[in-house]
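Okay, structure first, notes after.
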2 protein chains.
Amino acid sequence: MARTRGSVGAETEKAIRKAAVELIAKHGFEAMTLRDLAEHVGLQPGSIYRYIATKDQLLVDIMAEHMETLIAAWRAADRPDADPRLRLEGFVDFHIRYHFQRQKEVVIANLELRSLTPDARRACVGLRKTYEGELRGILEAGITQGFFSPTDSGIATNAIISMLTGVCFWYSPKGKLSADDIIAIHKRLVLGGLSGTPRGEAKIIPLAAGRN
Amino acid sequence: MARTRGSVGAETEKAIRKAAVELIAKHGFEAMTLRDLAEHVGLQPGSIYRYIATKDQLLVDIMAEHMETLIAAWRAADRPDADPRLRLEGFVDFHIRYHFQRQKEVVIANLELRSLTPDARRACVGLRKTYEGELRGILEAGITQGFFSPTDSGIATNAIISMLTGVCFWYSPKGKLSADDIIAIHKRLVLGGLSGTPRGEAKIIPLAAGRN
DNA sequence: CGATTAAACAAACAAGCGTTTGTTTCTAAA
DNA sequence: TTTAGAAACAAACGCTTGTTTGTTTAATCG
């Protein structure tokens, strides 16, 4: 046996990527064997090297591509001139929805940073900071415009990202709540938290009705 | 050479544990070599087996002990009959403070679940659920008593735990903000989020002044 | 002091790892 | 129909891994 009938490189490459994402998300990068990966794709171990440079590079590719796609998708969805409260709701919606449909990539991007070489890690951390910077911008705009109560925007950004990303780790589509339900709950948690009323004061959150 | 002068088993065991926690937190369980671990403790690889049954068991011990200590510490700090809002503040305070001083164990407990054998994983997940159940109980009490706006307590529990635990991954004592600052910010985020005002309504958070 | 046990070493083990090399088979353009 | 290149195999490479075994030295206790 050698070349299998009907095999096409582009398809094999995608199959490798998909299987790799699955295996890394399930067992971790270090625990995934190239032999294991090859078997899942129906190849011999050595054949993988027609499609990857090295095992490390495979991880880098997966992570970097995911982060770049994520950032681009958000920027296409955002309306930078809109009301910060609406933008924030949009961010929560986008983040959770996007992360639901790429749950495995998200798990990898969040757990496997330490498996990267220092250079690659720096690059991926940079991309992550870029994405977080988008949320931070919204928070700062909202604070400046008086919609959110003043707080350290960096800390708040981290806290919110942690909360929203955490969803990927425990959410199951088989649960009783739909994605929409979960998004709604998180919108309330986030927006409520930011308008965090200093102890004992009254608080009003006026927001144009009629939009989801 | 054989037995080194002044060596005591109990101390060696602690040194192994400490080094293991450090290495696993930094590089991941699979990436940590027993040879690497041995070197950090100043032993030969084989000598480690006087103190551990197997590499897997070492991880199980670290994780289980951490979770059990965490639960016990919280139960000692909680006042189950107090106002749910105070208990919630107490939980935020406890969780962050405790996790700050055990940052590495927390990282392990959250990242290495998948490196456990199915049995061990079930056990650790059970312990985690027990801990989360404590927070959930507070939320439900608060909702029942009308202090928190009704929501799915399970989802809210997960969201809050994600947010609070996330701190361990990005917090650095060298930052400009103290632990107290960060705790205060998170208290606001959590309590504010739970009193999440339905759109456009007014909201009051009366809480006994004078405490922290 | 002498015997026993605790604590470590030294050396190897089989298995598995990522990766390379050379070859074989299929596909497609000439 | 011949031929160049694409896609895979088969087999091995050197190395590292977790772990075991037998031995040696230090401490302890009667």
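Heavy atoms only: backbone and side chains are in, while hydrogens, waters and symmetry mates are out. Naming: A, B, ... by sequence-line order, numbering from 1 per chain.
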TODO: Can you tell me the distance, in whole Å, between the CD atom of A:Glu13 and the P atom of D:dA6?
DONE: 14 Å
- [ ] Please state how far atom CD in A:Gln44 lies from atom P in D:dA7, giving the value in whole angstrom units.
- [x] 17 Å
TODO: Side chain of A:Lys55 only, please: which of C:dT19, D:dC9, D:dG18 is the nearest?
DONE: C:dT19
- [ ] Classify the nucleic acid contact of B:Thr33 as base, sugar-phosphate or nothing, counting any heavy atom under 4.0 Å across all strands shown.
- [x] sugar-phosphate
Task: Spacing between B:Glu30 atom CD and D:dG18 atom C1', to the nearest angstrom - done: 12 Å
Task: Separation of atom CG in A:Leu34 from atom C1' in C:dT20, rounded to whole Å - done: 13 Å
Task: Closest listed nucleotide, where the reference is the side chain of B:Ser47 and the choices are D:dT19, C:dT19, C:dC9 - done: C:dC9
Task: Ring-face cation of A:Lys55 near A:Tyr49 (centre distance under 6.0 Å, axis angle within 45°) - done: no
TODO: Name the orientation class of the two ring planes belonging to B:Tyr171 and B:Phe100 (parallel below 30°, tilted from 30 to 60°, perpendicular beyond 60°).
DONE: parallel
- [ ] With DNA chain C as reference, determine whether B:Ala10 or A:Asp56 sits nearer its 5' end, using the nearest nucleotide of each.
- [x] B:Ala10
Task: Under-3.5 Å donor-acceptor pair between B:Arg35 side chain and D:dG18 base - done: yes
Task: Centroid-centroid under 6.0 Å between A:Phe91 and A:Tyr98 rings - done: no
Task: Whole angstrom value for the distance that separates P of C:dC17 from OH of A:Tyr49 - done: 12 Å
- [ ] Ignoring the backbone of A:Tyr51, work out which of C:dA10, D:dA8, C:dT19 is nearest its side chain.
- [x] D:dA8
Task: For atom CD1 of B:Ile16 and atom C1' of C:dA8, their distance in whole Å - done: 11 Å
TODO: Grab the CD1-C1' distance between A:Ile48 and D:dA11 for me, whole Å please.
DONE: 17 Å
- [ ] Indicate yes or no: at least one non-hydrogen side-chain atom of A:Arg188 is less than 4.5 angstrom from one of B:Ser149.
- [x] yes
TODO: Would you mind reporting whether A:Glu105 and A:Glu65 have side-chain heavy atoms less than 4.5 Å apart?
DONE: no
Open item on the list: What is the distance, to the nearest angstrom, from the NE2 atom on A:His27 to the C1' atom on C:dG16?
Closed with: 17 Å
Open item on the list: With a 4.0 Å cutoff (strictly under), does any side-chain N or O of B:Thr12 reach OP1 or OP2 of C:dA8?
Closed with: yes
Task: Nearest-nucleotide pick for A:Arg50, side chain only, options being C:dT19, D:dA7, D:dC9 - done: D:dA7
